[in-house]
Amino acid sequence: MVKMTDLPTKGGFSFDLCTRNQMLLDKGVQMPPFRKTGTTIVGLVFQDGVVLGADTRATEGPIVADKNCEKIHFMAPNIYCCGAGTAADTEAVTDMVSSQLQLHRYATGRESRVVTALTLLKSHLFSYQGHVSAALVLGGVDVTGPHLHTVYPHGSTDTLPFATMGSGSLAAMSVFESKYREGLTREEGIELVAEAICAGIFNDLGSGSNVDVCVITKGQTEYLRNYQLPNPRTYISSKGYSFVKGQTAVVVTKLVHVEAIFQLRVDEWQYRINWGLVQCLC
Amino acid sequence: MELQRSMVDGSVSMKDSAKSEISSERTLYPYVTGTSIIGIKYKDGVILASDTAGSYGSTLRYKSVERIKQVGDHTLIGASGEISDFQEIMRYLDELILYDKMWDDGNSLGPKEVHNYLNRIMYNRRNKFNPLWNSLVLGGVKKGQKYLGTVNMIGTHYEDDHLATGFGNHLARPILRSEWREDLTFEEAVKLIEKCLLVLLYRDRSSINKFQIARITDEGTTIYPPYALKTFWGFSHFQNPSKGAAGTW
C-alpha cells in the first residue's frame, strides 16, 4: 500500500510554515513590534495664523537613516501637515489627502479648508484601526480663520492652540506650557516653535539635526526649510585627509626580488612555447 | 484552592504550597506611589520640590504625603515611587544618623556619605531581586560645598546641577537645561521650579496642585508648608473646540 507520505510533492503553495507559526503564537512568542521613528513636531496658533515646526532626523531603530529629511508635508497652498510615526505611512497618507484636496479644489473652485483635510485624514486612519501609524499635526489658514489640529493613528483628533507630537513631544510641550500665551506676534511664534523643536532635538534621542519651520497666514505661506542648524559639523579639515611619510610606524621591512622570478617565468614560458612548437611540428 | 488540593496530597506538599502562597517576600510592583521630584542647586544651597500626592494605582488616595524629609544636619532627601519603601529608607537613614550622633565626636555625615550609603543599600537590594521601589534625590550643603545627587531602585546614581525623577525627567529637565544658571538667587530658583511644577501639573496625570518646596543651605534646612499654583485654562481655543470641526475634541 502506498502511504500518503510516499507520494511525490505536487506544485503549488507550501503551507508547511503555517502550523509552525501557529505553534509559536500558542507558545507565546510575539511578533517583533513595528519601529517607531523618533520625531519632534509642533504647531501653534499666533495672532495672524499658524506656525508649524519639525526636526529633521529619521531613525531606523538606533541608526539615523536620514539626517535632513522633510517632515512638514504639503497638503494645500494654505494647509501644511507635520508627520510623526512610521515615515512611509505619514508620506502616503498626506500625499493621498493632498491629491484628494486638489481634485476637490477643481470641483468646487474654492480654496481648501483645514476641516476638509482633517475629516479626510481621520476617516482614512480610523478605517485602518490604527494600523496606519501616522500621528499628524495639521495646520492652516482658510476663509474661516487659522486652525490647528492633531490627528492620532487611531483616527481621533484634537483642536488646540498649541500641540506637540512624537517622541520629543514632552520636551517640546514643556516649552509650550511654560511660555505660550494668546496673541503672539509672528516673530514670537517662530521663536517659540524653534525653541520647542530645539528642546526636542537636544533632550530626546529620537530627534535631532535641524529645525524646519512653516508659517501660514491669510494669503501667504512661508516654508522655512532648515530655519536653524544647531548641529553643525565642526571638525572638518579643509585639506581633507593627508598621510605624511613617517606618520605610520614601520614595524617590519621585507624586500622580495620580484624581478628575478618574473624573468624566470618569461624564459620558462618561452621555453614551453618553443617546445610546444617543436611538438606540433613533429 | 491551592491549599485544599495539597491537604489531600499530604502534609509535606501543604507546607510547600503554603510557603509559595504566603511568603512572596519580594517587592514585585509598587502600590502607593509618589510622582516626580525636582532638585536644583542655586547660589546659596540646594532646593528640592515635589507635590504631596500618594496615588494608589489610578486613584488619588493620599493628598498630604510629605515626600521630602531631612536627614541629619546637612541633607534633604526626596523620594518618588513606593511610599512604604521610602518610609523604610527613612528608618535606615534615621538609624545611621543616630549612630553617627552617638559618637559625639564633632563630625557629622554629609550628603556625599548619605548618598553613598543609600547607593549601597539600593544596589544590594536590587541584586537580591527585592528592590526598594524608589527614585531618590539627595541634596545638601556641607562646609559651603553644595551637593545634589540621585539614586534609583536599580542602583544607578549620579550627580548634577539639576535633577528630576519620573516624569520630571521628560518635562522638567529640558526647561532646567536651558534656563538653569550657577548664580540663581532663592527667588529666581523658586520661580524656575514653579515653572517646572506647573508643567508637571498640566501634563502628569498623577500630580496634584499642592506643592512643597524645601531648601537647604549652610545655615540650615527649611521645609516650607504646602501651597498651590495658579493655573490658566482661558485659551480662546479651549472654548468650544468643535465649533469649526464637528467630531473633534
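Just so it is clear: chains get the letters A, B, ... in the order the sequence lines come, proteins before strands, and each one is counted from 1.
- In this structure, B:F235 and A:F162 have perpendicular ring planes: the angle between them is above 60°, well past the 30° mark.
- The number of heavy atoms from other shown groups lying within 6.0 Å of CD (B:E188) is above 12.
- Remark: B:Y202 OH is packed, more than 12 non-hydrogen atoms of other residues, nucleotides or ligands lying under 6.0 Å away.
- Interatomic distance, A:C198 SG to B:R177 CZ, rounded to the nearest 0.5 Å: 14.0 Å.
- A:E177 places no side-chain N or O within 3.5 Å of a backbone atom of B:R203 that could act as its donor or acceptor partner.
- Using a 4.5 Å cut-off between heavy atoms, A:T144 does not touch chain B at all.
- The two residues B:K195 and A:S178 make their nearest non-hydrogen contact at CG-CB, 3.6 Å.
- Interface remark: B:E179 contributes side-chain atoms only to the contact with chain A (heavy atom separation under 4.5 Å).
- When A:G200, A:A171, A:A199 are compared by the number of non-hydrogen pairs under 4.5 Å with chain B, A:A171 comes out ahead.
- More than 12 non-hydrogen atoms from other residues, nucleotides or ligands lie less than 6.0 angstrom from CG of A:L229.
- For chain B, the nearby part of A:L118 is the side chain; its heavy atoms alone come within less than 4.5 Å.
- Shown here is B:H157, whose NE2 atom has no more than 12 heavy atoms of other residues, nucleotides or ligands within 6.0 Å.
- Neither the backbone nor the side chain of B:S242 has a heavy atom closer than 4.5 Å to any heavy atom of chain A.
- Heavy atoms from other residues, nucleotides or ligands lying under 6.0 Å from CZ of A:R113 number 12 at most.
- Under a cut-off of 6.0 angstrom, the local environment of CD in A:E188 is crowded, with over 12 non-hydrogen atoms contributed by other residues, nucleotides or ligands.
- Annotation: A:H104, atom NE2; neighbour count of heavy atoms from other residues, nucleotides and ligands within 6.0 Å does not exceed 12.
- Looking at A:V151, there are no atoms closer than 4.5 Å to chain B (heavy atoms on both sides), in backbone or side chain.
- With a 6.0 Å radius and a threshold of 12 heavy atoms from other residues, nucleotides or ligands, B:R61 has its CZ atom at or below the threshold.
- Taking 4.5 Å as the heavy-atom cut-off, the residues of residues 158-175 of chain B that approach chain A are B:F167, B:H170, B:L171, B:P174, B:I175, ordered by number.
- Looking at A:F176, neither its backbone nor its side chain comes within 4.5 Å of chain B, counting heavy atoms on both sides.
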